[in-house]
**Student:** 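One structure, as structure tokens, below. Some questions next.
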Protein chains: 2
Amino acid sequence: MTVLAATSSEPTRLTSAQRVLSILGVFSSEHMALSLSEISRRTGLTLTTTHRLVNELRAWGALRRESDGRYTIGLRILELGTLAPQGLQLREVALPFLDDLRHATHANIHLAVADGHDVIYIESLRARHGVPVLSRLGGRWPMHATGTGLVLLAYSPQEFQEEVLRSKLRQFTAQTVTCPDALRVRLAEVRKSGVAITENQLTQDALAIAAPIRGPRDAVVAAVGVTVPTGSASPHSLVPALAATARGISRALGAPSATPVSGVPVSSPPRIRGLNRSVPRQGR
Amino acid sequence: MTVLAATSSEPTRLTSAQRVLSILGVFSSEHMALSLSEISRRTGLTLTTTHRLVNELRAWGALRRESDGRYTIGLRILELGTLAPQGLQLREVALPFLDDLRHATHANIHLAVADGHDVIYIESLRARHGVPVLSRLGGRWPMHATGTGLVLLAYSPQEFQEEVLRSKLRQFTAQTVTCPDALRVRLAEVRKSGVAITENQLTQDALAIAAPIRGPRDAVVAAVGVTVPTGSASPHSLVPALAATARGISRALGAPSATPVSGVPVSSPPRIRGLNRSVPRQGR
DNA sequence: AACGGAACTTCCGCCGGACGGAAGACCGTT
DNA sequence: AACGGTCTTCCGTCCGGCGGAAGTTCCGTT
């Protein structure tokens with residue numbers, strides 16, 4: 001009963017902020033509705049603490065209690081999420097282009113941005129009679145197994161690429177490429193051709209093609225991808241439409257490389273405070 | 001210096017969970033990027049506390065630090081928000097119908113659900129050459145001033161309607177109806193006709209028409225609306241397409257009233273635990 | 001250059017609120 | 001009736017969150 005008795009697997013000292021976040025974190029696409037005690041078990045928090053925090057979250061609108069007593073994510077969180085700058089703003093600009101692409105190709109269309117070692121789909125349009133796919137708005141998948149992810153990885157800093165390649169790369173299908181060397185080759189191909197063409201990486205019988213979208217400083221800020229059933233169409237027949245879409249969105253975002261020069265662009269580069277490293281300090 | 005010295009406007013005793021949430025709460029569509037001290041000032045938290053909590057939120061992915069040092073909402077929140085059951089699931093089902101409606105009407109299209117006294121847009125499609133409108137995905141607006149809001153309010157429990165009508169109703173334009181009695185009349189009209197037709201309520205020169213969407217238990221779960229410039233088209237020319245869209249989505253959701261009977265539906269009403277009040281306990 | 005201000009970061013001692021055990025209410029099942 | 005499960009409330013203890021203060025960096029101004 002005295003001190004040092006915590007011989008369990010992990011002491012897991014958590015700050016109170018972490019407790020709050022851990023509750024939100026147990027919700028996922030597989031577990032969208034959870035009872036109080038399920039939340040308690042999954043977070044490892046005591047029932048009492050869970051009870052109190054869940055109620056505070058509910059009072060704020062972060063959680064909602066369904067009629068069966070279980071808790072789900074509240075609309076307040078959806079509302080908040082739309083404020084993510086890389087997210088819905090980009091979507092707003094891209095949506096007309098994506099819709100055109102969908103009508104032209106009858107394929108499933110994705111718009112993805114990088115977050116950690118994953119991509120997150122900030123838009124997902126389903127072809128009316130397209131194959132069912134895993135991709136949904138808000139979905140998160142590893143970079144190495146998605147077309148859009150490969151594109152985003154290919155244009156990431158070398159250092160970050162190696163970090164991802166060193167990490168554990170999950171195998172989704174028999175053909176998922178998880179060998180770092182093989183992936184390096186593919187990344188080089190993507191940089192050379194400007195598009196990623198992948199097959200059966202995340203799901204069987206799916207062919208994915210993706211291209212980079214550039215922002216105001218010509219940096220790659222997102223990727224657009226199309227997915228069709230394997231064998232349904234020649235990949236090369238889709239590339240021109242995809243490339244045009246990517247270029248159109250890039251131009252709408254103000255990417256210099258996608259803007260026809262009508263003179264000498266003399267816009268002076270804006271001063272950036274600090275080292276302009278997008279990952280200033282990751283761990284602790 | 002002693003006790004009882006807190007003569008400031010509000011003592012504002014906050015729990016630590018509330019502190020965390022208050023930080024998230026200061027982000028809005030007008031303030032999507034905030035510096036640390038801005039967050040501190042707006043929340044009323046000391047700089048030290050803000051610093052610590054913001055870092056914990058960043059480590060978890062709820063916040064992101066931009067290259068200029070300011071903080072924005074992170075994609076983790078967007079990801080979470082897509083798990084809201086009334087949100088993106090509904091959107092998934094409705095999107096094809098909404099797209100058809102957009103092509104048929106060349107209008108701005110909204111899909112909205114109720115949250116508190118407001119509506120939240122869970123989809124917003126812009127006509128290619130439509131009028132610019134305030135509505136954006138994730139946007140929140142008062143029920144009384146939006147077409148979709150009027151529909152949702154009209155089909156809410158009487159008690160809730162009165163609660164909303166009693167509250168302070170903001171005037172957006174000279175024509176915004178804020179008189180409770182006038183609104184009661186309009187709500188009755190909506191229930192009678194099945195559509196809401198409103199003009200210049202939220203913004204000038206905008207005509208909005210909205211219709212209810214029903215779910216599996218025939219309860220109104222959402223509303224679909226179209227917005228066009230005032231005078232651009234007769235409202236009545238838009239109603240049939242809108243009604244068809246609303247009915248189509250309702251049927252896709254399994255609403256009995258929108259499903260052609262092919263026999264006697266004998267599905268027994270599922271037992272609901274508790275009083276089945278959707279707002280079990282609001283305050284505190 | 002020197003100064004002043006603002007924003008950000010780190011350190012540390014104190015105290016109040018978060019924590020969890022325990023007990024009670026409320027189901028549905030055996 | 002007894003049981004197992006979930007949810008809720010109460011309360012005393014203790015420790016981690018809190019904020020003051022000092023230090024650091026980065027501005028723009030004199």
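Below, chain A is the first sequence line, B the second, and so on; all start at residue 1.
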**Student:** Could you check how far CG of A:L47 sits from C1' of D:dT9, rounded to whole Å?
**Tutor:** 12 Å
**Student:** Does C:dC19 have OP1 or OP2 sitting under 4.0 Å from an N or O in the side chain of A:R19?
**Tutor:** yes
**Student:** How many angstroms lie between CG in B:L152 and CE in B:M143, if you round to the nearest 0.5 Å?
**Tutor:** 5.5 Å
**Student:** If I take atom CZ in residue A:R70 and atom C1' in nucleotide D:dG5, what distance separates them, rounded to the nearest angstrom?
**Tutor:** 16 Å
**Student:** Less than 4.0 angstrom between a side-chain N/O of B:R52 and OP1 or OP2 of C:dT10, yes or no?
**Tutor:** no
**Student:** Could you check whether B:R166 pairs with B:E159 (Lys NZ or Arg NE/NH1/NH2 to Asp/Glu carboxylate O, under 4.0 Å)?
**Tutor:** no
**Student:** Does A:H51 put a side-chain nitrogen or oxygen below 4.0 Å from OP1 or OP2 of D:dT8?
**Tutor:** yes
**Student:** With DNA chain D as reference, determine whether A:L36 or B:T49 sits nearer its 5' end, using the nearest nucleotide of each.
**Tutor:** A:L36
**Student:** Where the side chain of B:T46 is concerned, which of C:dC8, D:dG19, C:dG20 is the nearest nucleotide?
**Tutor:** D:dG19
**Student:** Rounded to the nearest Å, what distance is computed from the CG atom of residue B:L53 to the C1' atom of nucleotide C:dT9?
**Tutor:** 15 Å
**Student:** Compare every heavy atom of B:R251 with every heavy atom of B:A258, then report the nearest pair and how far apart it is.
**Tutor:** O-CD, 3.4 Å
**Student:** With A:Y71, which of A:V54, A:I23, A:L34 fulfils side chain to side chain contact (heavy atoms under 4.5 Å, CB included)?
**Tutor:** A:V54
**Student:** Hey, does the side chain of B:S37 come within less than 4.0 Å of C:dC8's phosphate (OP1/OP2), counting only N and O?
**Tutor:** yes
**Student:** One thing to verify: whether B:D115 and A:R76 come together as a salt bridge, which I'm taking to mean a side-chain N less than 4.0 angstrom from a carboxylate O.
**Tutor:** no
**Student:** Just the rounded figure in Å: distance from C1' of C:dC8 to CG of B:L34.
**Tutor:** 16 Å
**Student:** Can you tell me the distance, in whole Å, between the CD atom of A:E38 and the C1' atom of D:dC7?
**Tutor:** 13 Å
**Student:** Provide, to the nearest angstrom, the distance between the CG atom belonging to B:D68 and the P atom belonging to D:dC26.
**Tutor:** 15 Å
**Student:** Measuring to OP1 and OP2 of D:dC18, would you say a side-chain N or O of B:T48 lies under 4.0 angstrom away?
**Tutor:** no
**Student:** Just the rounded figure in Å: distance from C1' of C:dG16 to CG of B:L14.
**Tutor:** 14 Å
**Student:** Rounded to whole angstroms, how far apart are CG on B:N55 and C1' on C:dA7?
**Tutor:** 14 Å
